[in-house]
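What follows is a set of notes on a single structure, which appears directly below.
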Amino acid sequence: METPEELRTEQIQNSLIKLGLGNLSKALPSSATDKIRTAPGISHVLSFYDRLAAKRAASGLTTPIKFEDFTKEVEKEVLPTLYMSQGLRADINQTLNIKPMFNVMQSFAVGNGRDSNYNFTTIWGTDRHFLRGGLDNELNVNAHGATRISDTIISRFQAHASDKGAQVVLETDIAGPDFFLNLRTMNPSFLDSKFSGILGLNFSQSITKRLTLGLGGTWQRQQAEYPASAGFELGARYATETYIGSGILTAQGMATLGFTQKLTDKVQAAVSTQLDLTGMSNMAALMAGEPPTPSGTTVAGVKVDFPDQSTVRAQIDSTGKLGFAVDRFVAPTVKMTISSELDHVKSTCKIGLGLQIESQSESVAETMMKLQTADRDEARKFMADPPQ
């Protein structure tokens, strides 16, 4: 049977865990946590938070998505913009090991209007750690890594180095029971006795099972001798099983509105609108002495999945541009993508053809075959302790 001191210590630790200070509560002795709990004002705060957490848990809210992903269904899933390319492109991905995961990918591109036509990338990962590194023909180096500190905290880094300079981004994601917090810094430096770089914070909170509100803030100082600047943005997202609506408004007067509708199990439609409410984004007009005029563009698109493992995405915007992208598996491990963009105003056309080839080593192919033919218990045992 637990003593009163042990029960009090457990209550203090539970309260600190709810506040995201679980590791601190375990590191401190019971006398220290007892002082924290009974300190003037702290006990009332923790008691209020306990009651609030109980009400939040009873409401059945879940962890929302990132604030930066409020419009992902429109931009990343339905519209073909991210799937369109120019020229010829081939991606060859070879899986050398499953656990830990180890992949090697080579990318070739011709006629894309860029200097980087070849990229070599390696990927290594486990259930807690992830590393990716890349090198192109211009000797530009890219690196990305992530580690899972706990079930709710993930830290990541990104680095890029070229003859034009270097860039480093450090991030931490904290997933709460009904909120999501992202902390980010880019090129932090204290060399000139003052902090320079960029600090960012994104926060999203589930209000109901369908409504999520978000807040983002950025503070930056490019050089120590320059003044600092800051900005913020607000967002909302309403999601049901058949449609999703979202909107983001920045302090500079830029607004993004998105709506996605699931028409059938195979068809989705989306509309996205970008608004400049202040008219300050048209630098050419401002340089010419013209008064700022609010402006905006709207894009409407559709995505259709066919039974033959092919996907068609098409869009049209308010400026007269037409775009489409078609993905199809021409073989079990080969996917072909054909895309095009037609600009009727400028009378221009861009066409892209891409191939993605997946290959596996003999050992990996044997492992996948075993997993497909083994029963569920044998497959779980195999993945938990694979042969070396």
Side-chain angles (χ1 to χ4, degrees), residues 65-70 72 75-76 81-83 85 89-97 99-109 112-175 180-204 216-226 228-231 233 354 356:
I65 66 173
K66 291 183 179 182
F67 177 64
E68 60 187 22
D69 290 336
F70 270 23
K72 71 173 185 178
E75 300 172 354
K76 299 181 180 180
T81 304
L82 296 180
Y83 302 87
S85 61
R89 180 182 178 86
D91 298 323
I92 303 175
N93 184 19
Q94 184 176 17
T95 303
L96 302 178
N97 196 45
K99 189 176 182 180
M101 176 188 66
F102 185 69
N103 287 13
V104 175
M105 184 174 67
Q106 300 183 73
S107 300
F108 305 86
N112 58 359
R114 302 176 182 175
D115 296 331
S116 300
N117 297 319
Y118 173 77
N119 191 289
F120 178 82
T121 303
T122 59
I123 299 175
W124 175 90
T126 66
D127 57 348
R128 297 186 63 87
H129 309 287
F130 175 85
L131 289 174
R132 182 183 66 194
L135 178 68
D136 63 19
N137 60 288
E138 295 293 321
L139 300 182
N140 298 320
V141 179
N142 292 280
H144 177 213
T147 182
R148 183 179 294 275
I149 300 176
S150 67
D151 293 338
T152 59
I153 301 177
I154 297 177
S155 291
R156 298 193 303 270
F157 80 89
Q158 299 179 44
H160 174 76
S162 66
D163 56 355
K164 298 180 181 179
Q167 178 177 293
V168 176
V169 179
L170 305 176
E171 290 185 80
T172 297
D173 292 337
I174 302 175
F180 195 100
L181 175 65
N182 172 264
L183 304 174
R184 176 183 304 179
T185 179
M186 179 183 296
N187 290 343
S189 175
F190 293 92
L191 296 179
D192 298 323
S193 71
K194 286 186 179 181
F195 177 84
S196 63
I198 300 176
L199 298 176
L201 181 149
N202 291 326
F203 180 81
S204 56
T218 302
W219 181 95
Q220 62 180 339
R221 178 190 286 130
Q222 298 297 335
Q223 299 292 337
E225 61 271 16
Y226 294 160
S229 60
E233 51 188 352
Q356 295 183 9

**OP:** Report the distance from atom CG of Asn93 to atom CD1 of Ile123, rounding to the nearest 0.5 Å.
**Re:** 6.5 Å
Original post:
Does Thr185 use its side chain to pair, donor to acceptor, with the backbone of Ile198 at less than 3.5 Å?
Top reply: yes
What donor-acceptor contacts under 3.5 angstrom involve side-chain atoms of residues 167-174, with partners at least two apart or in another chain?
{"unit_1": "Glu171", "atom_1": "OE1", "unit_2": "Arg156", "atom_2": "NH2", "d": "3.1"}
{"unit_1": "Glu171", "atom_1": "OE1", "unit_2": "Asn182", "atom_2": "ND2", "d": "3.1"}
{"unit_1": "Glu171", "atom_1": "OE1", "unit_2": "Arg184", "atom_2": "NE", "d": "3.2"}
{"unit_1": "Glu171", "atom_1": "OE1", "unit_2": "Arg184", "atom_2": "NH2", "d": "2.9"}
{"unit_1": "Glu171", "atom_1": "OE2", "unit_2": "Gln158", "atom_2": "NE2", "d": "3.4"}
{"unit_1": "Thr172", "atom_1": "OG1", "unit_2": "Ser155", "atom_2": "OG", "d": "3.4"}
{"unit_1": "Asp173", "atom_1": "OD1", "unit_2": "Asn182", "atom_2": "ND2", "d": "2.5"}
{"unit_1": "Asp173", "atom_1": "OD2", "unit_2": "Lys66", "atom_2": "NZ", "d": "3.2"}
{"unit_1": "Asp173", "atom_1": "OD2", "unit_2": "Arg156", "atom_2": "NH1", "d": "2.3"}
{"unit_1": "Asp173", "atom_1": "OD2", "unit_2": "Arg156", "atom_2": "NH2", "d": "3.3"}

Original post:
Around atom OH of Tyr226, are there more than 12 heavy atoms of other residues, nucleotides or ligands at under 6.0 Å?
Top reply: no
Original post:
Mind checking whether Phe195 and Pro188 have side chains closer than 4.5 Å, heavy atoms only?
Top reply: yes
**OP:** Enter the distance from Asn103:CG to Arg132:CZ here, rounded to the nearest 0.5 Å.
**Re:** 11.5 Å
Original post:
Within the side chain of Asp69, is there an N or O that forms a donor-acceptor pair under 3.5 Å with the backbone of Lys72?
Top reply: no
Subject >> Smallest separation among heavy atoms of Gly145 and Leu131, with atom names >> reply: CA-CD2, 4.0 Å
Original post:
Atom NZ of Lys99 and atom CG of Asp127: how far apart are they, to the nearest 0.5 Å?
Top reply: 6.5 Å
Original post:
Can you list the residues that meet the side-chain contact (heavy atoms from CB on, under 4.5 Å) rule with Ala228, with sequence neighbours excluded?
Top reply: Trp219, Arg221
**OP:** Would you list the pairs meeting ring pair (Phe, Tyr, Trp, His ring centres under 6.0 Å) in which at least one residue belongs to residues 133-162, sequence neighbours left out?
**Re:** Phe130-His144
**OP:** List for me each residue that meets ring-ring contact (aromatic ring centres under 6.0 Å, His included) alongside Phe203, sequence neighbours excluded, and say none if there are none.
**Re:** Phe179
**OP:** Can you sort out the partners of Phe120 under side-chain contact (heavy atoms from CB on, under 4.5 Å), two or more places apart, ordered by chain and number?
**Re:** Val104, Gln106, Tyr118, Thr122
Subject >> Sequence-distant partners of Thr147, side-chain hydrogen bond (donor to acceptor under 3.5 Å, both in side chains), two or more places apart >> reply: His129
Subject >> Closest heavy-atom pair and its distance - Asn140, Ser162 >> reply: OD1-CB, 2.8 Å
**OP:** Could you grab the distance from atom OG1 of Thr218 to atom CG of Leu199, nearest 0.5 Å is fine?
**Re:** 9.0 Å
Original post:
Measuring from Glu75:CD to Phe70:CZ, what's the distance to the nearest 0.5 Å?
Top reply: 13.0 Å
Subject >> N/O donor-acceptor pair under 3.5 Å between Thr126 side chain and Arg128 backbone >> reply: yes
Original post:
Do Leu181 and Leu201 come within less than 4.5 Å of each other through their side chains, counting heavy atoms only?
Top reply: yes
Original post:
Do Phe67 and Glu233 come close enough that some side-chain heavy atom pair is under 4.5 Å?
Top reply: yes
Original post:
In Å, rounded to the nearest 0.5 Å, how long is the span from CD of Glu68 to OG of Ser204?
Top reply: 10.0 Å
Original post:
So, Tyr83 side chain and Lys76 main chain: donor-acceptor pair closer than 3.5 Å or not?
Top reply: yes
Subject >> Partners meeting side-chain hydrogen bond (donor to acceptor under 3.5 Å, both in side chains) with Thr81 (sequence neighbours left out) >> reply: Gln315
**OP:** Return the minimal non-hydrogen interatomic distance between Asn117 and Asn137, and the atom names on each side.
**Re:** N-OD1, 2.8 Å
**OP:** Could you list the residues that satisfy side-chain contact (heavy atoms from CB on, under 4.5 Å) with Ser107, not counting sequence neighbours?
**Re:** Arg89, Asp91, Met105, Asn119
